[in-house]
Chemist: 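Sharing a structure, written as C-alpha cells. Questions coming.
Please read all numbers here as calculations on a predicted model, not as lab measurements. By convention in this document, chain letters (A, B, ...) are assigned in the order of the sequence lines, proteins followed by strands, and residues within each chain are numbered from 1. Excluded from the calculations below are hydrogen atoms, water molecules and symmetry mates; all remaining heavy atoms, backbone and side chain alike, are included.
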Amino acid sequence: MTATANDASTFEAPGLDWRRQIRFSAIGALSCAFIALAGMPVGLDRRSIVYPVLSLGYLSLFWVPFVLASLAGSQVVLEGMGERERDTRDLAAGALVGLGSALGLVGLMILVKNFNLRDPLVNWSPQLLELLSFNRSTTLGMLLWVVLGTTLGLLGGAMHVVPAMVRAKILTVVLSVLIVSVLQTFLTDLLEGFRLEVFTDFIYYKRGGLEILGALLVAVLAIAIPLLVAGRIKGLRARVQKMPPDERSRVNLVLLGVGAALLLVLPFFLGKIANELLANVGLFVLLALGLNIVVGLAGILDLGYVAFFAVGGYTTAVLTSPNSPGFSPELPWPVALIVVVVLTGLVGLFIGAPVIRMRGDYLAIVTLGFGEIIRLLFLSDWLSGWFGGAQGITNIPGVDVGIGTVKGTDPRSVFLLVLVFCGIAIYVSWRLEHSRLGRAWMAIREDEDVAEAMGVNTTSTKLMAFVVGAVLASFSGAIFSAKVGSIFPTSFIMLVSIIILVVVIVGGMGNIAGVIVGAVVLIGVLGGPKQPGLLQELGQFKLLIYGALLVWMMLKRPEGLVPNVRRSRELHQEEFLQDAWLKGEIDEEDPS
Amino acid sequence: MNMLQILDLSVTFGGLHALRNLDFHVEEGEIVSVIGPNGAGKTTFFNMISGMVTPTSGEILFEGESLLNLDPSQVTERGIARTFQNVRLFANMTILENVMVAQHCRTHQKVFGALLQTKAFKSEEIAIREYGEEVLSFFGSRLIGYRLNQPASVLSYANRRRLEIARAMATRPRLLLLDEPVAGMNPRESAELTALIGRLRSEWGFTIVIIEHDMSVVRDVSDRVVVLDHGETIAQGSYDSVANDPKVVEAYLGRQVQDKNADEETSS
Ligand SMILES: Nc1ncnc2c1ncn2[C@@H]1O[C@H](COP(=O)(O)OP(=O)(O)OP(=O)(O)O)[C@@H](O)[C@H]1O
Ligand SMILES: [Mg+2]
C-alpha cells in the first residue's frame, strides 16, 4: 500500500481470488474421486513408500490436496503489478482447497457405502471403502480424510508463506524420500555390487519401501549433503565460468569423457535386474533420439515411428535366426546390421516419399496408418511364409562379439551394447544438429514455406530426417531382436510410437539431453509399453500416468523437462548483456 | 537484355483476379518500385515470382529462362531472393543461423560430411559462417557481436526487418525482392535503410524490386516506378511522371491528397 501507492504506474496487487480457490477445490474433489475409482489406491496399496505409514496407494491420493492447494495459491505477477503480501489468508485458502479435495472422497465413500455401482465401475468395491476408511469405521475414515485433506492443503498453502529457502528444503526432502524409495531395486542392486548392502538393508523394508528410520536418514542426508558440498560446487562452477571458452569446452569434454567411462563400468557393478532395466531404458533412448530428429528437429509429427523399429527387428530376425520361415541366411549380427540399416533406410524413403508432402494433421494421421500397415503386414498370413505371422520368428541368436555373446540372458552385455549404440546415436544427433542439414531441419520446423523460399529443398531435407530417424530406430530394433531372442507383431503396436513421442515431448523436444532424461525417467520409472519399470506395481496405470503427464506438460511446460539449453543460456546472456549495457559497458547506437 | 521479364501474366484466387494480364520487366542493375493501394496485388506479385503462387496464365522469364513450374527453392537457387512483408524469420534459431541456413542452396555438404567431420565439411562450415557474418555486418554493429548467437526472437522490430534483408542477401541472389522493407520503422531508420538499399546495388551488385508505401523512400531509391491497382499496371515511369499521372492520383495518391485536405479542413 505505502510504497506502491506513490508510484502511479504500479497497480495494486489483486487480493486473494476466492473463486479460484473454490474452483481448485472442485478440481481436487473430482481428481480424488477419479483416482479412487480408477483403482489406484487399492491397486497400489501393496507397494510401500515408507513402511508402514505410507503406501503408493495412499500417496496416489495424498498429493492431490497438497499440490492443488499450492497451485491454487500461485499467482501470475504481471509487469508493473506489485506482488500480494502473503499472510494467513493463504493458509486458509490452502486449507479450503485441501478440504474440498477431501470432501470429494468423503462424498465417494458415502456413495460407495449406500449404493452399488460395481457394474459399470469395476473399482466400486468394499475394498475401496475399507481402504478409504483406513481399515476403521467409515465415519472415522471420513473424519480422518477431512483432517488429513485440510492439513495437506494447509501445508500446500504454507509453501507460499514460508521463505523460499525453507520451501526448497521441504521439497528436497520430500522428493529425495520419494526418489530413494522408488529407486529401491536399482540402489539395492548397485550397492550390492560395491558390497555396501548394509546401507540398503538398513534403509529399505524387504518387501518394498523405506523403513521409517531409513526415511529419516534420507531426509537428514538430503538436507546435510547440499549444505556440505553446495559451496564447493558453486566455487568450481564459477571457476569454470571464468575460463576462456576453449578451455571451458575442454573441461566440458573431460567431464563428458569421465561420465562416459563411468557409464561403461557401471554395468559391471549392477545385478541382473538393474542391467535389464537399463538395457530397456537404453533401447528407448535410441528410439527417442531417432524420433527427436524427426519431430524435434525437423518438426514432422510422425505417429508411426514404431514401423522402423519393427522393420529393424524383423530384418535382423530373418537374417540371423535359423528358424526364419522363408529366407534364412543365418548371418552374424554385425553383418546383418549393415543390411538392416540399408533396408530400414529404404523403407524410410518408401514411407516418407508419399507422406512428406503433407503437413500437420494429415501427415500425423497418414504416418499413424503406415505404422499400423507395417505391423499388419508382419502379422498377415500373406507374408507369414517370411515373417511367421502371429507366431513370429523365434530362436534369434545373440550378438557374437568375440569375447562372448550378447543376449537376453545376460542383460549386462545387452546394456553395454545398447550403450555403444546410444553413444553413436548421440554423436549422430549432435553432429547433424550443427550442420547444414540440421539447420535446414530447424528452418523447416520454424516455417516450412519460408525455408523453401530461402532455398531449402524441403522435400529432400524432410526425407533425410525420416531416413536418419528410421536408421536410429533400426539400431534399436536390431538389438531388441537379439536381446529378446524372438519377435512377434505384438511388440510393435501403435502404443510404442505414442510412448516414444511422449518421452520426446516430456523430455524436451529438439534437445538431446532432454530426450535422454525423458527416456530415463519415464521408461525407468514407469516402464515401456511392455517392459516393467522401477515401479512395477504401476503396470496397469502406466498409460493413465503417461496421458496425464502429457496433458500437463503440454499445458504448463511445453518446452519439456529440460528446455533447450542453448536457448536458455542465450536468454541469460541477454540479461547479462542488458546489465552491462545499463552500466555503459557496451556502446549501443541503435535507438530501437 | 532484361533480367526479369513477365509476360501477360494472371493470377486468380477463386473468382478474384489478384493479378490481371500483367507485363513487367526489370533490367540488370535497376531499382524498380512497385506501389499501389492495399490489396492491389503487390505481395501476390512477389509470391508469384518466387514460386509460392502459381500463375493461372502467362510467362515469367529470369535471365531468359522460364521460372514457371519451379519450386520456390529452385527459384532461389536461380538467383532470386525475397523478404516478407510480415517479417517471417526463423524465430527460434539464432541470428547467425538465420543467415547460415539461407546459404543452403549455395552449399553442398550432406550427412556423411557432418558425421565424419571431413575437411571439406569443416571448411564449408567456416565459409558459411564467415559469409553470414559478412552479410550481417552490412547493417553495422546491430546484428553482429554478442547478438550473433541470440535467437532472432529477441531482436527489435527494426532489427528483424534488417535480418530479413540479410537473410535474403545470404542466398547470394542477383535479384532481390523487398516487400515493404521500411514498414514500421521510424523516419530516421527508414532514411538509413533507404541509403542501404542504394548500397545494395552499388556494393553488392543486386538488382532490386521493392514494394513500398513510403513515398519518400520510393522517390529516393527508384529508377522506375510501377503502379498496380486491382492487379493491373495502371502506370509506370519515373517517380515524377508517375506521381503526376492522373490515373495514379485517382487510384492512389488522390486518396491521400483528399485525406490531407480532409485533415486540413478538420484542423482549421
Ligand atoms: N493466398 C490467397 N488466397 C486468396 N486470396 C488472396 C491470397 N493472397 C492474396 N489474396 C488476395 O489478393 C489480393 C491482393 O493481395 P496482396 O497481398 O497481393 O495485396 P498487396 O498489394 O500486397 O496489399 P498490401 O499493401 O496490403 O500489402 C487481396 O485481395 C488478397 O485478399
Ligand atoms: Mg503486401
Chemist: Heavy-atom cut-off 4.5 Å, strictly under: side chain, backbone, both or neither for B:Gln103 against chain A?
Modeler: neither
Chemist: Residues of residues 111-121 of chain B under 4.5 Å from chain A (heavy atom pairs)?
Modeler: B:Val111, B:Ala114, B:Leu115, B:Gln117, B:Phe121
Chemist: Restricting to non-hydrogen atoms, name the atom on A:Gly455 and the atom on B:His104 that form the minimum distance, rounded to 0.1 Å.
Modeler: O-CD2, 3.9 Å
Chemist: How many angstroms lie between atom CE of A:Met454 and atom OG1 of B:Thr83, to the nearest 0.5 angstrom?
Modeler: 7.5 Å
Chemist: Check whether B:Ala81 gets within reach of chain A through its side chain, its backbone, both or neither, counting any heavy atom under 4.5 Å.
Modeler: neither
Chemist: Please classify the contact of B:Glu125 with chain A as side chain, backbone, both or neither, using a heavy-atom distance under 4.5 Å.
Modeler: side chain
Chemist: Look at atom CZ of B:Arg129 and say whether more than 12 heavy atoms of other residues, nucleotides or ligands are closer to it than 6.0 Å.
Modeler: no
Chemist: Count the heavy-atom pairs under 4.5 Å between each of B:Val75, B:Thr171, B:Thr107 and chain A, then report the option with the highest count.
Modeler: B:Thr107
Chemist: Can you tell me which portion of B:Met52 sits under 4.5 Å from chain A's heavy atoms? Options are side chain, backbone, both or neither.
Modeler: side chain
Chemist: Evaluate side chain to side chain contact (heavy atoms under 4.5 Å, CB included) for B:Asp71 paired with A:Glu452, printing each intermediate quantity in order.
Modeler: CA-CA 8 Å; B:Asp71 288 337; A:Glu452 175 99 47; 3.6 Å; yes
Chemist: Begin from the C-alpha positions of A:Asn457 and B:Gln74 and carry the test side chain to side chain contact (heavy atoms under 4.5 Å, CB included) through to its verdict.
Modeler: CA-CA 8 Å; A:Asn457 183 333; B:Gln74 291 168 314; over 6 Å; no
Chemist: Could you tell me which portion of A:Thr459 (side chain, backbone, both or neither) has an atom closer than 4.5 angstrom to a non-hydrogen atom of chain B?
Modeler: neither
Chemist: Verify side chain to side chain contact (heavy atoms under 4.5 Å, CB included) between B:Val101 and A:Met442, making sure each step is shown before the conclusion.
Modeler: CA-CA 9 Å; B:Val101 75; A:Met442 286 187 270; over 6 Å; no
Chemist: Tell me whether B:Asn86 at atom CG has more than 12 heavy atoms from other residues, nucleotides or ligands lying less than 6.0 Å away.
Modeler: yes
Chemist: Take atom OH of A:Tyr427 as the centre, draw a 6.0 Å sphere, and report whether it contains more than 12 heavy atoms from other residues, nucleotides or ligands.
Modeler: yes
Chemist: For B:Asn92, is there any backbone N or O sitting under 3.5 Å from a side-chain donor or acceptor partner on A:Glu446?
Modeler: yes
Chemist: Give the member of A:Leu437, A:Val468, A:Val456 that has the highest number of heavy-atom pairs under 4.5 Å with chain B.
Modeler: A:Val456
Chemist: Say whether, by atom type as modelled, one donor and one acceptor occur between the side chain of B:Arg88 and the main chain of A:Asp447 under 3.5 angstrom.
Modeler: no
Chemist: Can you tell me how far the CZ atom of A:Arg436 sits from the NZ atom of B:Lys110, to the nearest 0.5 Å?
Modeler: 6.0 Å
Chemist: Evaluate side chain to side chain contact (heavy atoms under 4.5 Å, CB included) for A:Val450 paired with B:Arg167, printing each intermediate quantity in order.
Modeler: CA-CA 11 Å; A:Val450 178; B:Arg167 188 177 61 179; 3.4 Å; yes
Chemist: Please classify the contact between B:Ile128 and chain A as side chain, backbone, both or neither, with a heavy-atom cut-off of under 4.5 Å.
Modeler: side chain
